Amino acid sequence: MSQGLSNGYAISDPSEALKKPSTATELGRVADCNLDDFKEAIQSAYDAQPKFFYNTTGKQRGDLLRKWHDLIIANQDDIALILCLENGKTLAEATGEVVYAASFISWFAEEATRSYGVTIPSSYPNTALSTIKEPVGVCGIITPWNFPAAMITRKVAPALAAGCSVVIKPPSETPYTCLALTKLAVEAGLPPATFQVCPTKDRQAATELATNPLIRKISFTGSTNVGKMLAKLAAGTLKRTSLELGGNAPVIVFNDADIDAAVEGTMFSKFRCTGQTCVCANRIYVQSGVVKEFTEKLVARVSKLKVGSGLDPSTTQGPLVNAAAVKKIHEHIGDALSKGAKVEFGGIPEGYSTNNGFYCPPTVMSGVTASMIVANDESFGPLAPIFEFGTEEEVLQLANDTEFGLAGYFFTRDIGKAHRVAQRLQVGMVGVNTGKISAAEAPFGGVKESGYGREGSLYGLEEYQTIKSITVAI
Ligand SMILES: NC(=O)c1ccc[n+]([C@@H]2O[C@H](COP(=O)([O-])OP(=O)(O)OC[C@H]3O[C@@H](n4cnc5c(N)ncnc54)[C@H](O)[C@@H]3O)[C@@H](O)[C@H]2O)c1
Ligand SMILES: O=CCCC(=O)O
C-alpha cells in the first residue's frame, strides 16, 4: 500500500530482501513502489517542472549540479561502499564508478550554460526568426544494476541541466546507490519534487513511465528486449526515447599489432567489473600469425586475477550480480566445449556452487567459432573466447555479423588499416589500440539493436531538449 511521497522519495511497502552478491545473504529491503506511487510521483514531477525551469537560469541549474557533484565527491567512500555491497564490484572499481558518475554531473553543469539557439535569416520581409531550446518536460529514467551510479547521473544530469524533472526507477538489484545519490541531490538544493525515485520490483508498475501521458521522454539503459518493449509502449503517446541497450563487442588483434598492448587493452575491456559492462569484449578475434603468442600472454595475465569479495583490497574480480549470471557463463562454456572449443584457463570447477556468493572464475577459451552461443549472446561475465581469423575482410564480416552494434576494438600498427577498420565496424564506439573508451566528453551510444541516442558529450544535453522557432514581425 502506498504511503505517499516524502522529500522526493516515493514510499511504499518494503520489497523482498536484496542479496549481497559477495555472500548471497540478505543486504536489506527498500520500498517497493506500486502503480499509485508511480502515478503520484509523475504528477508531482509534472507540477514541479515548469517552476523549476522558469525560476532558474542555466547558470543556476549548473551551480546546483556542481554542488551535487561536490557532495558526491566528498562522500565518495561511503557511496562506493554501498555500491560495492549491493553490486559486488571491487571497492576500487566502485570508487572509480562514483568518480565517473560525478564527472557527468560536472560536465552537464557546464553544458547547462551553453544551450544556444540560433538566428536564421527569414525569407519574409521585416521578420526576425530565431530558435530557443526548451526542456522536453518530465523524463522517465530506467537503469541497470551494472553501473548503479553512473547510468543514473549520465541521464539525470543532462535532464536537470536542461530544466526537466525526472522520475527514476532504479535497478531492483541495486537501489541503494541511487537513494544515496538522491539524498545528496536534495542536500545540494535541487528541488525534491523534480527528482523522484521509485524503487520497485513491480515491472508492470514501472511501465507507467512508458505509458503515462505526462511523461514526455523515456531514457532507458538495459537489455535489448526490455528496451524494445518500452519503445513500443512509449510510441502510444509519441514520447521521445533514448535507448542504450545490449552489446556484443568484438576485439580484433591483427598480426601487426603490439601484442602486449593488445593483451592489456583486452584485459581492460573484458574483465572490467568482472565482465559486466555493455562495452565489454564479448568476442576476441585474433589473426592466425599471432594467435599462439596472444593466447599465451592473455592466459598469463588472466592467471594473475584474484576472485573474491570486493571488500578485500587484493581482489581484482568481484562476484557476478546473481546466481543466474553465473549459470549463463557456465552455459556458454559448456556449449563451446561441446562444439570443440578448448579451455585454456579457468573453466567450471568441480562441485561448483553459488550458495556462498556469486563467484565465477575468469576463463579463457580457444578454438571458438561462429556456431557457438557465445558468438551471438552477450556473456556479461569473465569469459574470454578466442576466435582465430585469416584476413581483414573475413574478420570484418564476422565482427559485423550480429544484430548488436555498441562498441568495437582493434589493435594494429598500420595507420591505413586503423582508419579503414574504424570506418567499417558497425558500432557506435570504436577503440583503436585501447580498451578504454568511456568518458563524460565522449558520445556514448550504439547502432543497430544496441539502441539510439547519445549520452555524455556535446550531444547529451539536446537529448532532453526541444527546439522552438520564434518568428517575429518587426
Ligand atoms: N548500452 C548501454 O549503455 C548499456 C549500459 C549498461 C548496461 N547495458 C545492458 O543492460 C543489460 C544488463 O542490465 P539488466 O540485466 O539490468 O537489464 P534489464 O533490461 O533486465 O533491466 C534494466 C532495467 O529495466 C528494468 N526492467 C526490466 N524489465 C522491465 C519491464 N518489463 N518494465 C519496466 N522496467 C523493466 C530493470 O528493473 C532495470 O531497472 C545488458 O544487456 C547490458 O549490455 C547497456
Ligand atoms: O555498461 C555500460 C556502461 C559502461 C560505461 O559507461 O563504460
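Note that the structure is a prediction, hence the values are computed from the model and not measured.
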- May I ask you to check whether Y285 and Y409 place their ring centers less than 6.0 Å from one another? no
- Ion pair present between E110 and R66, side-chain N to carboxylate O less than 4.0 angstrom? yes
- Query: Would the number of heavy atoms belonging to other residues, nucleotides or ligands and lying under 6.0 Å from NZ of K339 be above 12?
  - Reply: yes
- Item | Min side-chain heavy-atom separation V226-F220 under 4.5 Å | yes
- Item | Heavy-atom pair with the smallest gap, counting every atom of A341 and M365 | CB-CE, 4.0 Å
- Message: Looking at E40, is its backbone amide N or carbonyl O close enough to the side chain of S44 to form a donor-acceptor pair, meaning the two atoms are under 3.5 Å apart?
- Response: no
- Taking the six-membered ring of F387 as reference, does the NZ or CZ atom of R283 fall below 6.0 Å from its centre and within a 45° cone about the axis? no
- Task: Check for a donor-acceptor pair, side chain of Y176 on one end and backbone N or O of R29 on the other, with a separation under 3.5 Å.
- Result: yes
- Would K217 count as a cation-pi partner of Y464, with NZ or CZ less than 6.0 Å from the six-membered ring centre and within 45° of the ring normal? yes
- Message: Under a plain distance cut-off of 3.5 Å, with no hydrogens placed, do Q397 and D401 share a side-chain donor-acceptor pair?
- Response: no
- Hey, would you say the F108 and W68 ring centroids sit under 6.0 Å apart? no
- Query: Are K155 and F104 in a cation-pi contact, defined as NZ or CZ under 6.0 Å from the six-membered ring centre and within 45° of the axis?
  - Reply: no
- Is the backbone of T402 close enough, under 3.5 Å, to the side chain of N376 for a donor and an acceptor to pair up by distance? no
- Looking at T369 and A375, what are the two nearest heavy atoms and their distance? O-CB, 3.9 Å
- Query: Mind checking whether L209 and I42 have side chains closer than 4.5 Å, heavy atoms only?
  - Reply: yes
- Any side-chain heavy atom of S438 within less than 4.5 Å of one from R272? yes
- Message: Ignoring hydrogens and geometry beyond distance, is a side-chain donor-acceptor pair present between Q76 and T95 at under 3.5 Å?
- Response: no
- W145 and F380: aromatic ring centres closer than 6.0 Å? yes
- Task: Ignoring hydrogens and angles, state whether a donor on the side chain of E463 or S242 is under 3.5 Å from an acceptor on the partner side chain.
- Result: yes
- Determine the minimum heavy-atom distance between D377 and N282, stating which atoms define it. O-ND2, 3.0 Å
- In terms of side-chain heavy atoms, does T200 have a donor or acceptor partner in D32 at a distance below 3.5 Å? yes
- What closest approach, in Å, do I73 and A102 show between heavy atoms, and which atom pair accounts for it? CD1-CB, 3.7 Å
- Query: Between K39 and E208, is a side-chain contact (heavy atoms from CB on, under 4.5 Å) present by the stated rule, with each step listed?
  - Reply: CA-CA 7 Å; K39 286 187 170 159; E208 183 67 11; 3.6 Å; yes
- Query: Between E111 (side chain) and P158 (backbone), is there a donor-acceptor pair under 3.5 Å?
  - Reply: no
- Task: For T274 and G318, indicate whether the former's side chain and the latter's backbone hold a donor-acceptor pair under 3.5 Å.
- Result: yes
- Message: Whether the side chain of D335 engages the backbone of M372 through a donor-acceptor N/O pair (distance < 3.5 Å, no angle test) should be reported.
- Response: no
- K201, NZ: over 12 other non-hydrogen atoms inside 6.0 angstrom: yes
- Message: A side-chain contact here means heavy atoms from C-beta on lying under 4.5 Å apart; do T182 and F195 qualify?
- Response: yes
- Under 3.5 Å: donor-acceptor pair, side chain of R61, backbone of A161: yes
- Task: To the nearest 0.5 angstrom, please state how far the CD atom of E97 sits from the CG atom of N87.
- Result: 7.0 Å
- Taking atom CZ of F389 as the centre, report whether more than 12 heavy atoms of other residues, nucleotides or ligands fall under 6.0 Å from it. yes
- Item | Presence of salt bridge, E26 and K20, under 4.0 angstrom | no
- Would you confirm whether K169, through its side chain, and V197, through its main-chain N or O, come within 3.5 Å as a donor-acceptor pair? no
- Check the pair R420, E392 against salt bridge (Lys or Arg N to Asp or Glu O under 4.0 Å), reporting the backbone distance first and the verdict last. CA-CA 10 Å; R420 202 165 55 235; E392 180 182 322; 2.8 Å; yes
- Just wondering, more than 12 heavy atoms not from I132 lying within 6.0 Å of its CD1? yes
- Message: Pair R424, E393 - check salt bridge (Lys or Arg N to Asp or Glu O under 4.0 Å), show working.
- Response: CA-CA 10 Å; R424 291 188 55 197; E393 207 49 49; 3.0 Å; yes
- Query: So which heavy atom on L406 is nearest to which on G247, and how close?
  - Reply: CB-CA, 4.1 Å
- Query: Are any side-chain N or O atoms of S379 and backbone N or O atoms of G381, one a donor and one an acceptor, separated by less than 3.5 Å?
  - Reply: no
- Item | Donor on one side chain, acceptor on other, K448 and S450, under 3.5 Å | no
- Nearest heavy-atom contact between A210 and T237 is O-OG1, 4.3 Å
- Message: Under a 3.5 Å cutoff, is there a donor and acceptor pairing between the side chains of Y452 and T241?
- Response: yes
- Task: Please confirm whether the backbone N or O of G357 pairs with a side-chain atom of K19, one donor and one acceptor, at under 3.5 Å?
- Result: no
- Query: Between F38 and C33, is a side-chain contact (heavy atoms from CB on, under 4.5 Å) present by the stated rule, with each step listed?
  - Reply: CA-CA 7 Å; F38 272 89; C33 290; 4.0 Å; yes
